[in-house]
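This one's a predicted model, so the numbers in the text were calculated from it and none came from an experiment. In what follows, every chain begins at residue 1, and chains take the letters A, B, ... in the order their sequences are listed. Basis for what follows: all heavy atoms, side chains included, without hydrogens, waters or symmetry-related copies.
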Amino acid sequence: MAGTSNPTQIDGQLFEFLLRQGDNVLVLGHRTSEWCGVAPALEEDIALTNTALDLIGQTQLWLGYAGEVEGKGRSANDLAFLRDVYDFRNVLMLEVPNEDFGRTLMRQFLFDAFQVPWLTALCASSNQNVADIAAKSVKEAIYHLDRSTETVIALGDGTEESNARMQSALDYLWPYVGELFGEDDVDKAMHEAGVAPMPATLRGDWETTVNSTLSQACLTLPDSKFAHSGGRTGFRHTEHLGHMLATMQTLQRSYPGAAW
Amino acid sequence: MAGTSNPTQIDGQLFEFLLRQGDNVLVLGHRTSEWCGVAPALEEDIALTNTALDLIGQTQLWLGYAGEVEGKGRSANDLAFLRDVYDFRNVLMLEVPNEDFGRTLMRQFLFDAFQVPWLTALCASSNQNVADIAAKSVKEAIYHLDRSTETVIALGDGTEESNARMQSALDYLWPYVGELFGEDDVDKAMHEAGVAPMPATLRGDWETTVNSTLSQACLTLPDSKFAHSGGRTGFRHTEHLGHMLATMQTLQRSYPGAAW
Amino acid sequence: PAKLAAFQVRIDAGEKIEPKDWMPEGYRKTLIRQVGQHAHSEIVGQLPEGNWITRAPTLERKANLLAKVQDEAGHGLYLYCAAETLGVSRDEMTEMLLDGRMKYSSIFNYPTLTWADMGAVGWLVDGAAIMNQVPLQRTSYGPYARAMVRVCKEESFHQRQGFHIMMAMVNGNAEQKRMAQDALNRTWYPALMMFGPSDKDSVHSSQSMAWKIKINTNDELRQKFVDETVPQAEYLGLTIPDEGLTWNEETGHYDYTEPDWNEFFDVISGNGPCNVDRLSARQKAWDDGAWLRDAMTAHAAKKATRNLAAE
Amino acid sequence: PAKLAAFQVRIDAGEKIEPKDWMPEGYRKTLIRQVGQHAHSEIVGQLPEGNWITRAPTLERKANLLAKVQDEAGHGLYLYCAAETLGVSRDEMTEMLLDGRMKYSSIFNYPTLTWADMGAVGWLVDGAAIMNQVPLQRTSYGPYARAMVRVCKEESFHQRQGFHIMMAMVNGNAEQKRMAQDALNRTWYPALMMFGPSDKDSVHSSQSMAWKIKINTNDELRQKFVDETVPQAEYLGLTIPDEGLTWNEETGHYDYTEPDWNEFFDVISGNGPCNVDRLSARQKAWDDGAWLRDAMTAHAAKKATRNLAAE
């Protein structure tokens with residue numbers, strides 16, 4: 001199944017693939033954690049912190065395995081705290097600022113609606129480690145999707161102001177969703193090796209979830225088909241990621257080699 | 001004049017004194033620079049950037065000399081970019097966030113009104129380097145004070161909203177002004193050595209300037225006498241400084257030893 | 001007065017008072033003040049540690065810290081619920097916090113300045129809190145006592161977590177050791193102040209003790225805290241910033257220097273290092289969240305109407 | 001038409017048109033569009049570099065960057081003044097920028113992601129800007145031509161500064177070299193796009209050239225830029241990300257691959273990587289500054305009244 005690729009190539013591509021999984025949850029987990037203690041209501045605060053905790057747990061698994069595959073002795077922490085922007089592989093949508101709680105929840109929903117079918121598919125991965133991590137993560141993702149769906153509907157179908165905020169969140173985020181379904185050599189190699197499906201094959205499922213939820217939320221899908229890219233290849237992140245990393249990495253960068 | 005202190009003690013105290021001077025302008029220069037490109041009007045943007053430039057120039061002089069006095073081979077950049085919060089010696093007022101342009105200008109004014117008599121006095125320092133740096137800096141400080149006085153008056157005596165904003169800026173900053181006039185062993189040692197006057201002796205001058213300006217600005221002096229402290233000794237900064245340093249120091253911390 | 005006497009008899013017999021039972025107005029008021037203040041302390045107490053969540057040095061530490069701050073939100077929730085059984089809503093209490101009518105623990109008006117503060121806060125602040133809270137599991141008001149059982153279980157976990165952070169720091173490099181000592185230097189006296197003023201200066205105390213809302217005196221608890229903490233500091237190799245600290249063979253306790261009570265009263269009256277920033281952070285969260293709370297209410301109402309129409 | 005002919009005679013004779021002179025409506029409109037767009041580019045152009053001011057790696061670099069961004073504000077100011085002589089106010093132009101009726105250079109819709117971008121922007125973006133602007137010192141409209149003289153002097157200084165940053169990076173450690181190459185990779189094609197679409201696809205061009213509002217064609221300037229930049233990249237030891245780049249002995253120029261014009265039209269139509277963020281940053285600065293601008297006006301009015309009363 002591996003076609004013409006040699007083992008080193010496959011490992012390199014698997015490493016890239018794993019970084020994409022790990023960086024997505026690392027970066028979203030970080031953004032989510034920014035709400036801890038200052039969310040609009042105690043119940044929301046607790047629920048969102050719970051999500052952040054799950055995402056950080058998933059980060060440890062994906063990046064831990066990425067480090068093993070790379071074989072240079074880098075731990076999950078090394079990968080999280082000692083790479084600069086261009087070595088990050090998360091989709092751009094997850095690194096843009098939280099703005100208000102509405103945008104935060106809308107992003108969570110758009111991502112959860114992808115993660116559930118995606119992780120479900122990965123449970124059948126030819127790579128046992130990938131399948132195991134996916135199996136553990138998908139349970140959490142299903143719960144996140146339940147919650148974010150419910151909240152997006154409540155806020156879309158709440159007041160005039162909340163509807164306007166959710167619509168503007170959706171409009172802002174929309175050009176970033178296309179990147180979730182990107183396809184490049186890494187995707188093809190993973191597909192050929194049976195590690196993962198092509199992301200584009202999930203678009204139908206994703207649209208079904210999204211259309212149904214957004215219609216219940218009285219929100220209008222933007223009609224633009226334009227899609228930003230550059231996050232999952234690392235070619236061009238947004239300016240926001242660098243600021244996030246300056247904060248996130250400050251201790252590891254300031255005290256190299258220290259154990260915490 | 002040096003009394004009972006031995007030369008090493010005096011050098012240590014001179015080093016502390018120089019850090020206080022340098023960190024004040026470093027930290028305020030950084031805060032001021034945060035406005036570059038996003039100030040409320042082009043003319044304000046240019047003027048404020050000019051102030052930031054002057055302050056950073058002064059930082060190079062004070063910290064450069066501090067590094068010499070310390071005698072451990074640290075440059076102004078080393079001191080600026082490779083110390084953690086508790087080694088900073090600026091007064092707390094200068095590290096709190098800019099908030100709006102009103103608070104930024106009010107802080108600038110309250111500080112300028114101190115710097116002008118302070119630097120004027122330092123021009124007569126027994127330490128020639130201190131006198132030289134002060135002589136260069138005081139010209140800039142006089143210009144800053146002219147401008148910040150004018151702006152504080154205009155904004156205080158503008159609209160109802162602008163008056164309320166300036167009053168709330170003044171109320172917020174007031175508990176931080178007392179630290180400018182602090183006195184401790186370092187101050188005493190500098191006074192005894194003829195390096196600098198006791199800061200408290202400038203309070204009268206400062207109050208004259210401030211009272212006259214604030215009354216023209218239709219603003220009311222808060223009547224609290226409470227004064228925060230902890231910045232100029234480093235004992236207890238605010239939580240804001242650490243965030244500022246995470247941003248400011250990110251490159252030097254991430255790429256130790258690199259030349260830029 | 002007969003009712004009052006009967007009430008005191010129940011208290012003395014160790015019975016729990018429940019929300020529907022008769023209770024004196026003073027008992028209710030004192031409890032609302034105490035439980036509300038405790039709840040607010042949990043909420044405001046999220047801020048100093050929340051300050052380091054985005055800068056936690058490893059994924060593990062970040063997860064631990066998130067979980068801890070989340071627990072504090074949970075404690076806030078239990079305690080607001082307990083207070084609500086006394087006839088005051090969470091929103092009312094929040095407004096009283098924001099306009100200054102209700103207080104929170106003075107300790108949270110101190111800043112967290114280095115990562116070692118995450119250790120010091122867990123070790124000393126949660127340590128002092130536990131010392132205060134363990135006896136409150138036996139308080140006379142049922143809902144409060146039950147809330148405290150849950151709270152105490154988690155707090156002791158937090159304290160251990162804080163101590164482990166300190167351990168890592170003192171076993172680390174020279175900078176880390178310095179951070180640990182610095183954090184202890186800044187946190188020691190504020191932690192001692194957490195038990196409140198000396199018994200002789202403390203208001204409300206005797207009636208609260210008779211009602212079993214308060215179980216021990218401030219000075220008793222403070223002494224217990226010092227006695228337990230000194231050996232822990234020694235174990236860590238850190239120096240408590242009190243030159244007057246000595247073991248007193250006669251009393252079997254440590255003698256220690258009283259905190260600067262002027263500082264305490266400054267902090268209580270709004271002049272702590274962070275009072276203004278803490279309250280404005282809560283105010284901002286409250287104001288920024290208004291649209292969301294309104295939307296949730298509006299949506300729930302719409303849903304109820306639709307369900308009714310569908311029946 | 002006689003007036004029009006006379007106007008063209010003046011232009012052809014190299015005379016400068018001044019604000020009070022008669023001019024065709026189309027000339028005025030085209031100039032407002034061009035000068036306004038240029039002014040807006042200076043203002044929006046502060047943002048990508050402003051993004052690194054708080055993270056500049058040394059005090060010297062921070063001062064240089066501040067001075068540069070300040071120069072851009074100054075250029076904006078000259079150019080708005082030049083545009084105002086054509087009968088449109090700065091506030092009107094700002095509103096047109098914010099609501100999308102006026103544009104700014106597409107290059108500023110690309111993000112600055114590492115410190116090396118401060119080098120690449122100076123070297124390539126200011127380099128391309130100079131290539132565009134030097135001829136405009138000879139443009140037919142007096143105030144615009146004079147503004148460009150001041151602008152060009154400073155821009156060439158900025159370009160040198162950018163090149164020096166690149167030098168420091170390529171002479172630095174491996175990570176720094178990597179950053180420098182990465183910055184070139186991302187900036188090359190967007191810089192080529194700064195000269196606008198190929199002559200055959202460019203609107204407005206021939207009339208603008210007849211009026212000497214535009215002096216060279218887009219393709220001429222782009223070729224000149226490539227020819228000057230390739231040896232500089234070689235000197236830096238960096239690889240231009242174009243496998244089709246070759247020296248053409250016959251033409252005496254470099255052959256190069258055209259940029260992806262679809263990307264250019266995406267960016268122009270609002271879909272660049274940063275369009276939304278750039279405009280919302282300007283919008284926020286404008287909205288947040290409203291109270292201040294109002295206060296300044298109110299204070300000036302009060303002062304004038306007081307002065308009048310005092311006379």
Counting only heavy atoms from other residues, nucleotides and ligands, does the tally under 6.0 Å from CZ of A:Phe181 exceed 12? yes

What's the spacing between A:Tyr86 OH and D:Thr114 OG1 if we round to 0.5 Å? 6.5 Å

Separation between CD of A:Glu239 and CG of D:Leu47, rounded to the nearest 0.5 Å: 8.0 Å

Just checking D:Tyr235: does its OH atom have more than 12 heavy atoms from other residues, nucleotides or ligands closer to it than 6.0 angstrom? no

Residue pair D:Pro273 / A:His228: nearest heavy atoms and the distance that separates them: CA-CE1, 3.9 Å

Just so I understand: if I count every heavy-atom pair under 4.5 Å between each of D:Asp117, D:Thr112, D:Thr54 and chain A, which residue has the most? D:Thr112

Are any of the side-chain nitrogens in A:Asp84 or D:Arg178 under 4.0 Å away from the carboxylate oxygens of its partner? no

Over all heavy atoms of both residues, which pair between A:Phe235 and D:Asn185 is shortest? Give the atoms and the distance, please. CZ-O, 4.2 Å

How close do A:Phe226 and D:Asp266 get, heavy atom to heavy atom, and via which atoms? CE1-OD2, 3.4 Å

Which atom names give the shortest non-hydrogen contact between A:His243 and D:Asn51, and what distance separates them? NE2-OD1, 2.7 Å

Could I get the full list of side chain to side chain contact (heavy atoms under 4.5 Å, CB included) partners for D:Thr257, not counting sequence neighbours? D:Tyr189, D:Asp242

